[in-house]
Structure formats: structure tokens, C-alpha cells
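What follows is a short report on a single structure.
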Amino acid sequence: MISNRWNPVPRIIFFILTLGLFTTTLLADEAGAKDSFGFWDVMLMPRVWVGFIFVLAGLWFLNRRMVTKNFRLISLVIIFLTFGVFWLLPLGEFARGMGLHPSPVCAVTKPGLFIKAGRGFPVVFAAVLVTMAVMSLIGKKLFCGWVCPVGAGQELVHGISFGKKRDNRFKIKLPFKITNTIRTLLFITYFIVLIFGGLSIYEYFNPFDFLHWGFPFWATVVMIITLVSGLFIFRPFCYLVCPVGLLSWVLEHFALTRIRLNHETCTDCGICEIKSPCPTIPAIMEEKWSQPDCHACGRCIETCPEGALEFKR
Ligand code: SF4
Ligand code: SF4
């Protein structure tokens, strides 16, 4: 028996949310928001449609159980280079269209600054938000797992094993209740500081700033801290800080595709829980509706000797 058999509610919410997000942004665009970019200008940017290609490819690979450890490693390098480095190449408009403006964190946090300054809600931010939201609704965190270069960088360093036995003894799985509380409190603090101080606290710890490759001191420090802690903790910035991580975690509850457990073949051996890097597996085994973030990395699928974990509808 596959868990979570046909349940129409998440699908209905998925379609309502998707349609709602697109329609709201289109209406804002047609209402003539004073923006240098319109909705479709953003949607036709290379990084948006290339991002959708990566998301659909990731979904296809996951669904066909092709994401082995080495496959994932190569995918992460490609994701990092494509969305974090490619725009530096002298390849004209296409390369420029792959740049990180606005970055995922800026797309969430900058609209508040614009609204506070009385400059409205620029459509460019709305379009990027809609893109990330729709990707996260197609499958759990497909944006974070198959597009985001900061996520890819963290997951890459987490794959490095050290110590004499080169096993997982130095890897720490922080309790999700704690990490999600910290991430939520930061988001609440962001709103309070924004309202009373007109600032975004995320400007002080945004590793995406590093990917402009100008090596400013503070962004470099933040990136180093992110990657060094990533050696021990799976995606520390995603679980502890990132506002996109928090919002897409809310959307994950309505995602169309996700990791499913086949109870008929599962022997309860617990190997997937030990070998998976995330804190999500216990909640998947218990079929909890609300689960820790799943970044659609696919590592758990390969770890199961019975093939009981699948990424599907
Ligand atoms: S949570 Fe944030 S940093 Fe992590 S993968 Fe998603 S957007 Fe990127
Ligand atoms: S290992 Fe964790 S994050 Fe990766 S697909 Fe499985 S549940 Fe999701």
C-alpha cells in the first residue's frame, strides 16, 4: 500500500494557489505597477525557464529512481554553476538573464522595503516569488533542491566525509522544531525591524550576495560560515535562516509530488533514517501531514534496500 493514496484536498489547494498566484501578479502587472519589468518580461528571463527545465528534469529523475549519490553530486555541481556562475560568462543577453537579480531572499524581503518607502510592490519580485512558489507546489521544494545555487553549495559540502572512518559521525541532525522556530522568529523579527526601522535584517546574513562574486567582506564571511557549518549540518542556512525556506515549507504541505512510503515493502529497518541527511524521514514514516522540509534531493530513495521510498504523486 502506498501512503497518502488519492486525497483530492491537496490537489485542489494546489490548483487554487497556483491560479491565485498567477492571477494576482498578472492583475498587478496590468494595473500598471511602475516597474521596469513586467510579469512576462520576468517569466521569459532565461533563469526562469531554464529553472523550470531543471525542476521538471529533477522531477523526472526522482520519479525514475535515477538519483544515486554520484548522480546527485554531479547535479549539484551543474546547478551551482548554472545558476551561480554562468551569468559571469561573456555570452551576451542569455548569460545576463541567468543572473541572480533579484535573489530568492531579496524577492521575499525587498518588497517590504519598497512598500515601506511608498514605492508599491514591484512586479519583478512578485513574478520571482510566483515562480519559486509554483516550483515548490509541483513537488516538495523542487526549487530549493534543483535550482537554488546556495542550496546546492550547502548540500555539496555536506557530502564531504572526514575523520578516519569517513562515516556520518560528524554530521548533526538538529531537531526540526528548534530550527523552524529560529527561522520563524527571524522572519517575525524581520517584520518588526522593517516596520519600526525600515531595514531588512536579512541584508546582514544573505549568502546570495556572495554570488555576485565581488567578494564584499560581510557576504564572504556569511558564505564561509554557511559552508563550514554545512559540513556538519544539512543545509543550515535553509533550515535555520532562509525566508524562502520558511515560505516554501508552508507550501510544501500542498505539493503535488513528494516522497511516498510503500508500506508493503518497507521492513522498518531504519536504514533510510540513518543514511538520509535530512530530519524528514521519521515524519514520512509516520505519515505526518506536517513534515520537516524535504529538499527533493532523492538521497533517501537510494538508501532504502527494499525500494520502498518513491517520489511521486
Ligand atoms: S531554503 Fe533558501 S537557500 Fe535553501 S535552497 Fe531554498 S532558497 Fe536556497
Ligand atoms: S533525503 Fe530527505 S530531503 Fe532528500 S528527498 Fe529524502 S526526505 Fe527529502
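Just so it is clear, the model here is predicted, and its values are computed rather than measured. Hydrogens, waters and symmetry mates play no part in the numbers below; they use all other heavy atoms, side chains included. Atoms within a ligand are numbered from 1 in the order they appear, just like the ligands themselves.
- Put simply, part of Phe208 is less than 4.0 Å from ligand 1, judged by heavy atoms.
- Among all non-hydrogen protein atoms, the one lying nearest atom 8 (Fe) of ligand 2 is Cys294 SG, 2.3 Å.
- Residues satisfying the side chain to side chain contact (heavy atoms under 4.5 Å, CB included) test with Ser136, not counting sequence neighbours, are Phe143, Ser248.
- With rounding to the nearest 0.5 angstrom, the SG atom of Cys300 is 13.5 Å from the CD1 atom of Ile271.
- Judged by distance alone, with hydrogens and angles left aside, the side-chain atoms of Trp213 form a donor-acceptor pair with the main-chain N or O of Leu211 at under 3.5 Å.
- Closest heavy-atom approach to atom 3 (S) of ligand 1 among the candidates Phe83, Trp146, Phe237: Phe237.
- Within the 4.5 Å cutoff, side-chain heavy atoms of Ile284 are placed close to those of Ile281.
- At a threshold of 2.8 Å, atom 4 (Fe) of ligand 2 has no backbone or side-chain N, O or S atom of Cys300 nearer than that distance.
- Between atom CD1 of residue Ile195 and atom NZ of residue Lys116 there is a gap of 7.5 Å, rounded to the nearest 0.5 Å.
- Atoms of ligand 2 found under 4.0 Å from any heavy atom of Cys278 (numbered from 1 in listed order, with element): 1 (S), 2 (Fe), 3 (S), 7 (S).
- Here Ile284 has side-chain heavy atoms under 4.0 Å from ligand 2, and that is the only part of it that gets that close.
- Between atom CD1 of residue Ile138 and atom OG1 of residue Thr257 there is a gap of 8.0 Å, rounded to the nearest 0.5 Å.
- Note: Phe86 and Phe94 have perpendicular aromatic rings, judged against thresholds of 30 and 60 degrees for the angle between ring planes.
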*Passes side-chain hydrogen bond (donor to acceptor under 3.5 Å, both in side chains), Gln154 versus His295? Steps please.*
CA-CA 12 Å; Gln154 293 173 85; His295 293 89; over 6 Å; no

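- Stacking of Arg72 on the aromatic ring of Trp146 is recorded, both the 6.0 Å distance cut-off and the 45° axial limit being met.
- If you look at Trp249 next to ligand 1, there are no close heavy atoms at all, none under 4.0 Å.
- A heavy-atom distance below 4.5 Å is found between the side chains of Thr82 and Met98.
- Counting protein heavy atoms only, atom 5 (S) of ligand 2 is closest to Gly298 N, 3.1 Å.
- Annotation: protein N, O or S atoms under 2.8 Å of atom 6 (Fe) of ligand 1 (waters excluded) comprise Cys144 SG.
- Nearest protein heavy-atom neighbour of atom 4 (Fe) of ligand 2: Cys297 SG, 2.2 Å.
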